[in-house]
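The first residue in the sequence is number 1, and the count goes up from there. This structure is a prediction, so every number in the text was calculated from the model and none was measured.
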Amino acid sequence: MKLIFAIINNDDSHAVQSALTKGGIQATKLASSGGFLMAGNTTFMICSDDDKLEEIIEIVKKHSHRRKQFVPNSASYGIGSYASFPVEVTVGGATVFVTNVERFEKI
């Protein structure tokens with residue numbers, strides 16, 4: 001048995017959740033935020049039998065899309081003068097962690 005943590009951009013979370021539900025996969029949905037962009041994410045916790053692992057990861061891959069986004073960046077030019085200019089970064093996609101589950105009970 002595996003425990004999957006799938007961290008998804010908020011823009012993709014509804015599509016991922018719908019696909020998981022359609023596939024009969026139960027997930028716990030948690031609000032989270034990233035440390036780099038401080039942007040909203042959704043973390044799905046999914047407990048699964050080993051044989052369903054690849055199916056779940058494929059669902060997450062299919063519905064999590066990378067995109068380019070401009071974010072503000074501040075750079076210092078000399079003492080006391082700062083200029084803010086946008087920097088293009090890639091956001092979205094998914095970060096997935098899979099761990100073994102020693103014990104699972106639904107009470």
Side-chain angles (χ1 to χ4, degrees):
M1 184 155 269
K2 303 291 185 195
L3 177 60
I4 304 160
F5 293 93
I7 304 167
I8 311 294
N9 185 284
N10 273 347
D11 294 340
D12 297 324
S13 67
H14 181 73
V16 171
Q17 183 177 13
S18 295
L20 290 171
T21 300
K22 188 175 182 177
I25 299 162
Q26 297 179 345
T28 298
K29 183 177 168 181
L30 305 170
S32 55
S33 62
F36 177 63
L37 297 175
M38 303 298 176
N41 293 318
T42 301
T43 300
F44 291 97
M45 292 176 32
I46 307 161
C47 197
S48 165
D49 290 325
D50 291 3
D51 61 336
K52 300 272 280 179
L53 177 63
E54 292 305 318
E55 175 187 348
I56 293 166
I57 290 175
E58 283 304 313
I59 289 171
V60 171
K61 276 184 189 177
K62 182 177 178 182
H63 297 282
S64 302
H65 305 286
R66 289 181 180 236
R67 57 189 70 74
K68 299 284 184 179
Q69 178 178 325
F70 285 96
V71 296
N73 182 27
S74 295
S76 174
Y77 295 106
I79 299 172
S81 63
Y82 289 90
S84 181
F85 56 93
V87 175
E88 187 177 47
V89 296
T90 302
V91 298
T95 302
V96 178
F97 299 91
V98 179
T99 62
N100 290 318
V101 175
E102 192 172 311
R103 181 176 172 174
F104 174 75
E105 291 185 39
K106 221 171 184 181
I107 302 172

- Message: Quick check: do E55 and I25 have side-chain heavy atoms less than 4.5 Å from each other?
- Response: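 Heavy-atom side-chain distance check passes, below 4.5 Å.
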- Query: Would a 4.5 Å heavy-atom cut-off, applied to side chains only, mark K2 and N100 as touching?
  - Reply: yes
- Query: Any donor and acceptor pair, going by atom type alone, linking the side chain of N9 with main-chain N or O of D11 inside 3.5 Å?
  - Reply: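 It does hold such a pair.
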Do you know which two heavy atoms are closest between [X] and [Y], and how far apart they sit?
| X | Y | result |
| --- | --- | --- |
| T42 | K29 | CG2-CG, 3.3 Å |
| F44 | S13 | CZ-O, 3.6 Å |
| V101 | R103 | CG1-O, 3.2 Å |
| S64 | G93 | CB-O, 3.5 Å |

- Task: Calculate, to the nearest 0.5 Å, the distance between atoms CD1 and CZ belonging to I4 and F97 respectively.
- Result: 13.0 Å
- Message: Please report the interatomic distance CD(E54) to CD1(I59), rounded to the nearest 0.5 Å.
- Response: 11.5 Å
Do [X] and [Y] belong together in a cluster built from hydrophobic side chains that touch within less than 4.5 Å?
| X | Y | value |
| --- | --- | --- |
| V98 | M1 | no |
| I57 | F5 | no |
| V60 | M45 | no |
| L53 | L20 | yes |

- With S32, which of I8, N41, N10 fulfils side-chain contact (heavy atoms from CB on, under 4.5 Å)? N41
- Evaluate the side-chain contact (heavy atoms from CB on, under 4.5 Å) criterion for residues H63 and V16: first the C-alpha distance (whole Å), next the side-chain angles of each, then the deciding distance (0.1 Å), finally the verdict. CA-CA 5 Å; H63 297 282; V16 171; 3.7 Å; yes
- Message: Taking NE2 in H14 as the centre, count heavy atoms belonging to other residues, nucleotides or ligands within less than 6.0 Å. Is the count above 12?
- Response: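 Result for NE2/H14: open.
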